[in-house]
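Residues take their numbers from the sequence shown, with the count starting at 1.
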Amino acid sequence: MTKTSDIFKEASKTGRKYLLETEAKTVCMEYKIPVTNFRLSKSDDESVKFAEEIGYPVVLKIVSPDIIHKSDVGGVMVNLRSSTDVRNAYKQIINNVKKHKPKAKIVGIMVQEMAPPSTEVIVGAVKDPQFGPAVMFGLGGIFVEVLKDVAFRVVPFTEDEAREMISEIKAYPILKGYRNTPAADIKAITNILLSVSRLVTDYPTIKEIDLNPVLVYHEGAKAVDARIVIE
Ligand code: ADP
Ligand code: MG
């Protein structure tokens, strides 16, 4: 049995409606979606140990079945550059969560590689009541939230259709490169769209996927956050 099916089974057995980020990223890895390197720690000492293994700078994040939007509760600390930073961030996150969500069950703190800043895109999946699962693509931030500049395709789709999806958003010229910003790796985004298409086809229990953001580079791309909602 694959890890992915174990993860979905375990989540539904315990009545959870969505996967932890650690679980969602494990699923992504199995579908060859690149994600930031990560470890799940249970103490501040362990966080420092993992940070040293991963290499600074790192990001610390709350892992809790009761917290969907981690930064809303002060559950994300980025750009941590030393063991002191990591210890402080660990304490700060636990305090923030206890203040904002006193009843939240804390599974641990995720330590992850800090992805260098770059163009942010969003890859998602939703279930249309009529057409079934569809994959969504757009640029991060105001492009999706304010301008609703997104493209959808019902799954499954071909590589050509994935490329078409990327090029049909209004913000496409930004991905093609402008001024001092080099062109984004369109092939890497295409592969992520195809992987998400395969994932939702294989697991009809998936209600929603949100890879937000995916950082795209001149070469390669990396999902820094992954949310999978199940039925
Ligand atoms: P939320 O649950 O609030 O969406 P995220 O995991 O998306 O939490 O983290 C919030 C923000 O922090 C992200 O939108 C991104 O800008 C930044 N971030 C999170 N993880 C990383 C990482 N590994 N590398 C770089 N930036 C990150
Ligand atoms: Mg996010």
Side-chain angles (χ1 to χ4, degrees), residues 1-36 38-42 59-77 93-94 96-112 120-138 140 144-145 148 150 152-156 192-193 195-214 222-231:
M1 204 193 308
T2 66
K3 256 187 190 166
T4 299
S5 63
D6 285 345
I7 287 170
F8 283 115
K9 263 194 198 136
E10 174 64 24
S12 62
K13 205 171 71 193
T14 50
R16 283 190 282 132
K17 289 203 174 59
Y18 72 100
L19 305 184
L20 302 169
E21 187 183 329
T22 44
E23 296 170 328
K25 280 188 170 166
T26 303
V27 170
C28 284
M29 284 160 68
E30 219 170 86
Y31 277 79
K32 299 197 165 57
I33 298 167
V35 298
T36 43
F38 69 87
R39 304 289 296 274
L40 177 64
S41 82
K42 302 280 188 180
V59 176
L60 258 58
K61 295 188 202 179
I62 188 69
V63 179
S64 164
D66 306 309
I67 296 168
I68 305 187
H69 298 287
K70 300 170 296 277
S71 33
D72 289 358
V73 297
V76 179
M77 299 274 200
I93 289 175
I94 301 285
N96 290 344
V97 169
K98 287 201 165 139
K99 196 167 94 192
H100 293 283
K101 275 231 161 190
K103 290 198 184 124
K105 176 178 187 275
I106 296 174
V107 174
I109 299 275
M110 203 176 177
V111 182
Q112 49 182 260
E120 296 193 356
V121 302
I122 297 177
V123 176
V126 290
K127 235 180 202 172
D128 185 275
Q130 200 177 350
F131 299 107
V135 171
M136 189 215 71
F137 171 74
V144 166
E145 281 157 32
K148 314 281 182 223
V150 290
F152 284 92
R153 282 294 180 286
V154 171
V155 307
I192 295 176
L193 293 173
S195 289
V196 171
S197 164
R198 264 191 291 123
L199 175 56
V200 293
T201 307
D202 289 351
Y203 290 91
T205 166
I206 296 174
K207 200 175 160 193
E208 219 177 284
I209 296 181
D210 201 14
L211 306 179
N212 180 9
V214 175
K222 229 170 226 190
V224 309
D225 186 18
R227 189 157 27 239
I228 298 180
V229 185
I230 50 184
E231 294 190 310

Enquirer: To the nearest 0.5 Å, what is the distance between OG1 (Thr205) and CD1 (Ile230)?
Expert: 5.5 Å
Enquirer: Tell me, do Ile109 and Ile94 make a side-chain contact under 4.5 Å, heavy atoms counted?
Expert: yes
Enquirer: Holding to salt bridge (charged side-chain N to carboxylate O under 4.0 Å, His left out), I want the full list of residues that pass it with Glu21, two or more places apart in sequence or in another chain.
Expert: Lys25, Lys61, Lys70
Enquirer: Please list, chain by chain and in numerical order, all residues satisfying salt bridge (charged side-chain N to carboxylate O under 4.0 Å, His left out) with Lys148, sequence neighbours excluded.
Expert: none
Enquirer: Looking at residues at least two apart in the chain, or sitting in another chain, which of them share a side-chain hydrogen bond (donor to acceptor under 3.5 Å, both in side chains) with Asp202?
Expert: Tyr31
Enquirer: Nearest 0.5 Å please: distance from the NZ atom of Lys17 over to the CD atom of Glu208.
Expert: 13.0 Å
Enquirer: Can you list everything that forms a side-chain hydrogen bond (donor to acceptor under 3.5 Å, both in side chains) with Arg39? Sequence neighbours excluded, please.
Expert: Glu53
Enquirer: Can you list the steps and then say if Met136 with Val126 is a side chain to side chain contact (heavy atoms under 4.5 Å, CB included)?
Expert: CA-CA 8 Å; Met136 189 215 71; Val126 290; 5.7 Å; no
Enquirer: Taking the side chain as everything from C-beta on, heavy atoms only, tell me whether Ile68 gets closer than 4.5 Å to Arg227.
Expert: yes
Enquirer: If you compare all heavy atoms of Val200 against all heavy atoms of Ala125, which two are closest, and at what distance to 0.1 Å?
Expert: CG1-CB, 3.7 Å
Enquirer: A side-chain contact here means heavy atoms from C-beta on lying under 4.5 Å apart; do Val73 and Asn96 qualify?
Expert: no
Enquirer: Rounded to the nearest 0.5 Å, what's the gap from CD1 on Ile67 to CG on Asp72? Could you check?
Expert: 10.0 Å
Enquirer: For the residue pair Pro34 and Ile192, establish whether any side-chain heavy-atom pair is separated by less than 4.5 Å.
Expert: yes
Enquirer: Is there a side chain to side chain contact (heavy atoms under 4.5 Å, CB included) between Ile206 and Ile228 once you walk through the steps?
Expert: CA-CA 7 Å; Ile206 296 174; Ile228 298 180; 4.1 Å; yes
Enquirer: Locate the shortest heavy-atom distance separating Phe137 from Val121; write the atom from each residue and the value.
Expert: CE1-CB, 3.8 Å
Enquirer: Considering residues at least two apart in sequence or located in another chain, which fulfil the ring pair (Phe, Tyr, Trp, His ring centres under 6.0 Å) criterion with Phe8?
Expert: Tyr203
Enquirer: Check whether any side-chain N or O of Asp66 sits under 3.5 Å from a backbone N or O of Lys105 as a donor-acceptor pair, and report yes or no.
Expert: yes
Enquirer: Between Val229 and Tyr18, which heavy-atom pair has the shortest distance, and what is it?
Expert: CA-CB, 3.9 Å
Enquirer: Minimum heavy-atom separation for Gly138 and Val150, please, with both atom names.
Expert: CA-CG1, 4.2 Å
Enquirer: Only one of Leu60, Asp225, Ile62, Val59 clears side chain to side chain contact (heavy atoms under 4.5 Å, CB included) with Val76; which?
Expert: Val59
Enquirer: Which atom names give the shortest non-hydrogen contact between Ala24 and Ala226, and what distance separates them?
Expert: CB-O, 3.5 Å
Enquirer: Tell me every residue that passes side-chain hydrogen bond (donor to acceptor under 3.5 Å, both in side chains) with Lys127, counting only those two or more places apart in sequence or in another chain.
Expert: Glu231
Enquirer: Within the 4.5 Å heavy-atom criterion, are Val107 and Pro65 side-chain neighbours or not?
Expert: yes
Enquirer: Would you find a donor on one side and an acceptor on the other, under 3.5 Å apart, between the side chain of Thr14 and the backbone of Glu10?
Expert: yes
Enquirer: Drop me the distance from Glu23's CD to Thr4's OG1, to the nearest 0.5 angstrom.
Expert: 11.0 Å
Enquirer: How about Ile33 and Val196: do any of their side-chain heavy atoms sit closer than 4.5 Å?
Expert: yes
Enquirer: I'd like to check Ser64 versus Val97 (side-chain heavy atoms, cut-off strictly below 4.5 Å). Are they in contact?
Expert: no
